[in-house]
Amino acid sequence: MSEEKKPLNFIEQIIEEDLSNGMSKNDLRFRFPPEPNGYLHIGHTKAIGISFGLGEKYNAPVNLRFDDTNPAKEEQEYVDAIKEDVAWLGYKWDKELFSSDYFQQLYDWAILLIKAGKAYVDSQSSEAMAEQKGTPTQPGVDGPFRNRSVAENLDLFERMKNGEFEEGSHILRAKIDMQHPNMLMRDPIMYRILKRHHHRTGNDWCIYPMYDWTHGESDYLEQVSHSLCSLEFKPHRELYDWFLDQVINPDLIRPKQREFARLNLSYTIMSKRKLLQLVDSGIVNGWDDPRMPTISGLRRRGYTPNALRKFVETAGVAKRDNVIDVSLLEFCIREDLNKAAPRVMAVLDPLKLVITNYPEDKEAWLEAENNQEDASAGFRKVPFSRELYIEKSDFKEEAGNKFFRLKLGGEVRLKNAYIIKAESVKKDANGNILEIHCTYSEDTSKKVKGTLHWVSIKHAIKVEVREYDRLFMDEAPDSHQDKDFMDFINPNSLKTIEAYVEPSLKEAKIGDRFQFQRLGYFNVDNDTTSERLIFNKTVGLRDSWAKQKPAQNNPNQKQQNNKPQQKRKAIDVIQQLGKKYTNLPEIKQQKVKAEIQELAKSVTYEELEPLFNTAAKKVGTRIAVAMTLGVLLNNGLERNENINIFIEKASSDSNELLINEVKY
RNA sequence: UGGCCCAUGGUGUAACUGGCAACACGUUGGUUUUUGGUACCAAAGAGUCUAGGUUCGAGCCCUAGUGGGCCAACCA
């Protein structure tokens, strides 16, 4: 029963190292610090999973801290939504805290800094300060207020706090180094005047601390041991540490900031600002629209906490920029639902089927298994009668023998019922099929290739089904410098249809999840009323049949594969091909050689020449160079000394492949 | 005229102090199946961005280059 030991990710390694360097396990503490300015999305699920996951792993407390230092953007609505989402994911936080709880402490510390000559009030316009700040490549210069006296700074800062000044007229900034190579260290702003109502402190304050001044000190106040955030905060670490140095008591825990790469999902965006834009512009119906990558959207769509947790866990933690394919997310939700979701029958695109040898007034309630993956799920009854609906795509008048569904003269099984044979079709004047006429046989033991789902017309419930496609048509919609992400909106991301479901679904409650057999997983949407059942399609079943057909009615298929991947230089590809050349079987060598010779046409001599010095032991590379050189010579390149030396050395090599290649 | 971070199959993540590059998704083929689902079996796919170095041995260490990302909000 030895639990297989999973390799540790780099953050866990850091913690293990701290532990082995004497840190007590009891001192471990983490936090998840969202700003309540929007809804959480699946990217946050990773951050949540990391910090709360560590908490579970080490049995350490994890705080939920709202980073609410900017009243202009933050609202109680978001606080509530965030709490709901974190709880739904199944995580329990130790304390619910707010950065605004620390406003007074932060203010007191700021005064200490002023007194120590490490902070000053600047009274310039933001433009003037921006100018003095320099650029990443140019150092900044000191501003005119940098050397105000402590007394003056104290006085000004107090008056800022008392509301005597207008917004924008003064700020408090740390006095660090305007020439510092890290822009963030060039006298960062600590406080600005904001005459705004704060969702928790009301009108108590009219100066608000900035992120950098707040975050590390808050971690310290909470005695967080490891403060984990995403990579774009890496440059902030230096400032985080500087601010900590000003107030730290060496007897207490000093929090460590460490950074990981944020999660990106293909075909969607992960920025609160842009998500808000989708909501505000009406492209989606709110933050919890099932097409949104928000936790609330995914929840409404039918995703389970388990699936989401599994997903971020599988995606892993590292420092490399990444774009995870949605297929992994879909795999996780299918895996979870396959085990749990009861099976039912529903027809989304109905075609009438009449069983001519079944009595008109007869009906039978047949036994159907609820879930063959779960023995405890039991059985239910489904009604059968003379007139049924089947899926339009399940019938073709004529089809090859790779088509396992119903065709004229062919036999097929009706799930949970009988075997039928299609005898004839009834069409309208335009040749559209109106009905299929079949005969049935009660002998169900026969082997047939196909099994169709169906509903009895007389008994079926008419419902609304919402099918979703990806919101964007591009794999990485917000990674194009020249185009706006809104340009890639998929106009057909929502399809609403009328469908027919078996009567057992009458009792379905909002949120219930089902597998519509052969179609996919669906859940009951919030919009459902007592009159009208509404289903969301969570995700389709894997469908290896659909893949074989040409695109047809498959808008869901991968659109195209022209990835943004930049083209590698021909010479680089040649080198790579060359490296493994000697290990290849002869047939492959010929193919690779042709490939190299093709690539060689776009290689210049200047690119090739440095490779003449390739180490003798790297034969493959030298062979590739020889091949490329051959092409260039053929195209009129004149021989020079370097070329001759290369050829000479190669000709006397012990490798025959190489020798052959320099027989120009 | 900068600083910091990153580079392993199509995607994501591994590879304990250097020792035949693994796992998952995806792809392909097969077996089972009253879901063209699930389960199971198998296969293909990278030799680790490039060059040089250290070493008996480098994805892991060193140097230089290349490519990508982040940093100039009174946002977080």
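Chain naming here is simple, since letters A, B, ... match the order of the sequence lines and numbering starts at 1 in each.
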Are Lys446(A) and Glu411(A) within salt-bridge range, i.e. N to O under 4.0 Å?
yes

What does Phe260(A) touch in the nucleic acid at a heavy-atom separation under 4.0 angstrom: a base, only the sugar-phosphate, or nothing?
nothing

Within 90° of 0 counts as syn, otherwise anti: where does rG47(B) fall?
syn

Using the criterion of both pairing distances under 3.5 Å for Watson-Crick and G-U wobble pairs, give all stems of 3 or more consecutive pairs involving RNA chain B.
B:2-7 with B:66-71, B:10-13 with B:22-25, B:27-31 with B:39-43, B:49-53 with B:61-65

Tabulated below should be each protein N or O lying under 3.5 Å from an N or O of nucleotides 73-76 of chain B; please produce it.
residue: rC74(B); atom: N4; partner: Gln124(A); partner atom: O; Å: 3.4
residue: rC74(B); atom: N4; partner: Gly168(A); partner atom: O; Å: 2.7
residue: rC75(B); atom: OP2; partner: Arg192(A); partner atom: NE; Å: 3.1
residue: rC75(B); atom: OP2; partner: Arg192(A); partner atom: NH2; Å: 2.8
residue: rC75(B); atom: O3'; partner: Arg192(A); partner atom: NH2; Å: 3.2
residue: rC75(B); atom: O2'; partner: Asn70(A); partner atom: ND2; Å: 3.0
residue: rA76(B); atom: OP1; partner: Thr69(A); partner atom: OG1; Å: 2.6
residue: rA76(B); atom: OP1; partner: Arg192(A); partner atom: NH1; Å: 3.4
residue: rA76(B); atom: OP1; partner: Arg192(A); partner atom: NH2; Å: 2.9
residue: rA76(B); atom: OP2; partner: Tyr211(A); partner atom: N; Å: 2.9
residue: rA76(B); atom: O4'; partner: Glu35(A); partner atom: OE1; Å: 3.3
residue: rA76(B); atom: O3'; partner: Asp67(A); partner atom: OD2; Å: 3.1
residue: rA76(B); atom: N6; partner: His236(A); partner atom: NE2; Å: 3.1

Closest to side chain of Arg343(A), choosing from rG37(B), rG36(B), rA72(B):
rG37(B)

Would you mind checking if Glu367(A) and Lys381(A) are paired as a salt bridge, meaning a charged N to carboxylate O distance below 4.0 Å?
yes

Can a salt bridge be assigned to the pair Glu35(A) and Lys73(A) using a cut-off of 4.0 Å between side-chain N and carboxylate O?
no

Kindly give the atom pairs (protein nitrogen or oxygen, nucleotide nitrogen or oxygen) under 3.5 Å for nucleotides 27-34 of chain B.
residue: rU27(B); atom: OP1; partner: Lys547(A); partner atom: NZ; Å: 2.6
residue: rU34(B); atom: O4'; partner: Arg413(A); partner atom: NE; Å: 3.1
residue: rU34(B); atom: O2'; partner: Lys415(A); partner atom: NZ; Å: 2.8
residue: rU34(B); atom: O2; partner: Asn416(A); partner atom: N; Å: 2.9

Holding to ring-ring contact (aromatic ring centres under 6.0 Å, His included), I want the full list of residues that pass it with Phe311(A), two or more places apart in sequence or in another chain.
none

Report yes or no: is the ring centroid of Phe331(A) under 5.5 Å from the six-membered base ring centroid of rG26(B), with the two planes under 30 degrees?
no

Please pick, from rA72(B), rC4(B), rA14(B), the nucleotide with the shortest atom-to-atom distance to any side-chain atom of Met183(A).
rA72(B)

Is there a donor on the side chain of Arg334(A) or the base of rG37(B) sitting less than 3.5 Å from an acceptor on the other?
no

Return the set of residues passing side chain to side chain contact (heavy atoms under 4.5 Å, CB included) with Glu313(A) (not counting sequence neighbours), or none when no residue passes.
Lys6(A)

Shortest side-chain distance from Lys234(A), nucleotide among rG36(B), rC4(B), rU35(B):
rC4(B)

What pairs with Phe516(A) under ring-ring contact (aromatic ring centres under 6.0 Å, His included), at least two apart in sequence or on another chain?
Phe522(A), Phe535(A)

